[in-house]
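Keep in mind that the numbers below use all heavy atoms, side chains included, and drop hydrogens, waters and symmetry copies.
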Amino acid sequence: CSQDERERLKLHGLWEDDSSGNWTFAHNNLREYFAACWLRRQSWEQIERYISWAPKTKKVKPSWMNVLAYMAKMKNSRDLQDWIAQYDPTIVTLFEKEKFSEEERFSIFKRIYDQHEEDLTWADVDYDACKRMGAFASCGKAVEYILKKLSKKLHLRQEKNLLRVM
């Protein structure tokens, strides 16, 4: 772009010129949105290579989570959400819960907490993540599941995991 075009872009607030002469987006949300626009035009194999630690594991790289949330809103199909639900289910809570049926949300929730119970691991310690999980899974079956679990003798870690979601 010409110097005049750069000056006009600066006025729109989308771009910033850092002190070394490099241009960057003024806010990460812009970068993430445009990354999602570009990524959704790639093949599924390329998408998987960018967003996960493949082939070692199919866990999503944390730096791509916001991009994936934008991408999920843009795509008409559920292939991205279904892939994430299979390989890194806790991230599904970033998406609109309406994209999943109540039964699917309960199933994802149960799978996550059954795995924590089996591994004796803490669920996410971040309060907002627990709140998101509770909101995502909110349904009668999830409440029944939690209450049934809490009525039994549990490891303290498992008990606290369930209580934080409630």
Side-chain angles (χ1 to χ4, degrees), residues 1-101 104-105 107-109 111-113 115-116 118-138 157 160-166:
C1 334
S2 71
Q3 186 62 33
D4 184 49
E5 289 171 321
R6 288 181 186 165
E7 288 304 314
R8 281 187 284 172
L9 285 172
K10 242 184 180 172
L11 292 174
H12 289 293
L14 296 176
W15 298 92
E16 295 177 332
D17 184 6
D18 68 12
S19 58
S20 63
N22 293 317
W23 286 79
T24 61
F25 286 109
H27 196 280
N28 277 345
N29 283 350
L30 295 168
R31 178 180 53 87
E32 292 160 347
Y33 171 79
F34 288 118
C37 290
W38 176 81
L39 195 61
R40 76 181 189 159
R41 293 190 309 259
Q42 306 309 306
S43 71
W44 183 250
E45 291 76 27
Q46 289 173 307
I47 291 171
E48 194 174 303
R49 197 173 67 234
Y50 279 105
I51 68 170
S52 72
W53 303 103
K56 186 177 176 182
T57 179
K58 293 191 177 190
K59 288 272 188 199
V60 173
K61 294 176 184 175
S63 60
W64 284 91
M65 288 192 204
N66 290 342
V67 173
L68 296 180
Y70 278 122
M71 196 171 143
K73 290 178 183 178
M74 292 175 188
K75 290 178 70 80
N76 292 332
S77 69
R78 275 210 8 203
D79 54 346
L80 175 65
Q81 291 96 316
D82 291 342
W83 182 87
I84 291 172
Q86 180 179 354
Y87 294 108
D88 206 348
T90 55
I91 294 173
V92 171
T93 63
L94 293 171
F95 303 131
E96 296 136 355
K97 74 180 204 175
E98 295 76 27
K99 299 246 182 197
F100 296 88
S101 71
E104 288 172 312
R105 292 193 321 267
S107 176
I108 291 167
F109 167 76
R111 196 169 83 223
I112 291 167
Y113 277 87
Q115 190 64 53
H116 283 300
E118 184 179 316
D119 298 343
L120 276 179
T121 56
W122 286 106
D124 203 321
V125 293
D126 175 23
Y127 173 75
D128 287 333
C130 290
K131 190 175 169 182
R132 259 194 331 268
M133 177 60 76
F136 179 81
S138 62
R157 189 171 296 149
K160 287 197 175 209
N161 282 344
L162 293 167
L163 288 171
R164 284 190 312 199
V165 170
M166 286 290 277

Residues that Phe100 engages under ring-ring contact (aromatic ring centres under 6.0 Å, His included), provided they are two or more places apart: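 By the ring-ring contact (aromatic ring centres under 6.0 Å, His included) rule, Phe100 matches Phe136.
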
Non-neighbouring partners of Trp38 that pass ring-ring contact (aromatic ring centres under 6.0 Å, His included), sequence neighbours left out: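 Counting only residues at least two positions away or on another chain, Trp38 forms a ring-ring contact (aromatic ring centres under 6.0 Å, His included) with Tyr50.
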
Cationic tip of Lys61 above Trp53 ring, under 6.0 Å, 45° of axis: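 Ring-cation test returns yes.
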
Listed partners of Lys160 passing side chain to side chain contact (heavy atoms under 4.5 Å, CB included), at least two apart: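 With sequence neighbours excluded, Lys160 shows a side chain to side chain contact (heavy atoms under 4.5 Å, CB included) to Trp122, Leu156, given in chain and number order.
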
Check: [X] side chain, [Y] main-chain N or O, donor-acceptor pair, under 3.5 Å:
X	Y	result
Thr93	Thr90	yes
Asn29	Asn66	no
Arg157	Leu120	yes

Criterion side-chain contact (heavy atoms from CB on, under 4.5 Å) on Leu80 and Met71, from CA distance to verdict: CA-CA 8 Å; Leu80 175 65; Met71 196 171 143; 4.1 Å; yes

Distance-only side-chain donor-acceptor flag, Ser43 / Gln46, under 3.5 Å: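 Checked: Ser43/Gln46 side chains pair up, N/O donor to acceptor below 3.5 Å.
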
Within 6.0 angstrom of Tyr70 OH, more than 12 heavy atoms from elsewhere: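 Yes, because the 6.0 Å sphere around OH of Tyr70 holds more than 12 heavy atoms from other groups.
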
side-chain contact (heavy atoms from CB on, under 4.5 Å) evaluation trace for Trp64 with Glu32: CA-CA 8 Å; Trp64 284 91; Glu32 292 160 347; over 6 Å; no

Restricting to side chain to side chain donor-acceptor pair (under 3.5 Å), what partner residues turn up for [X], sequence neighbours left out?
X	result
Lys99	none
Gln81	none
Gln86	none

Salt-bridge criterion met for Glu104 and Lys97 (N-O under 4.0 Å):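 So Glu104 does not pair with Lys97 through a salt bridge.
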
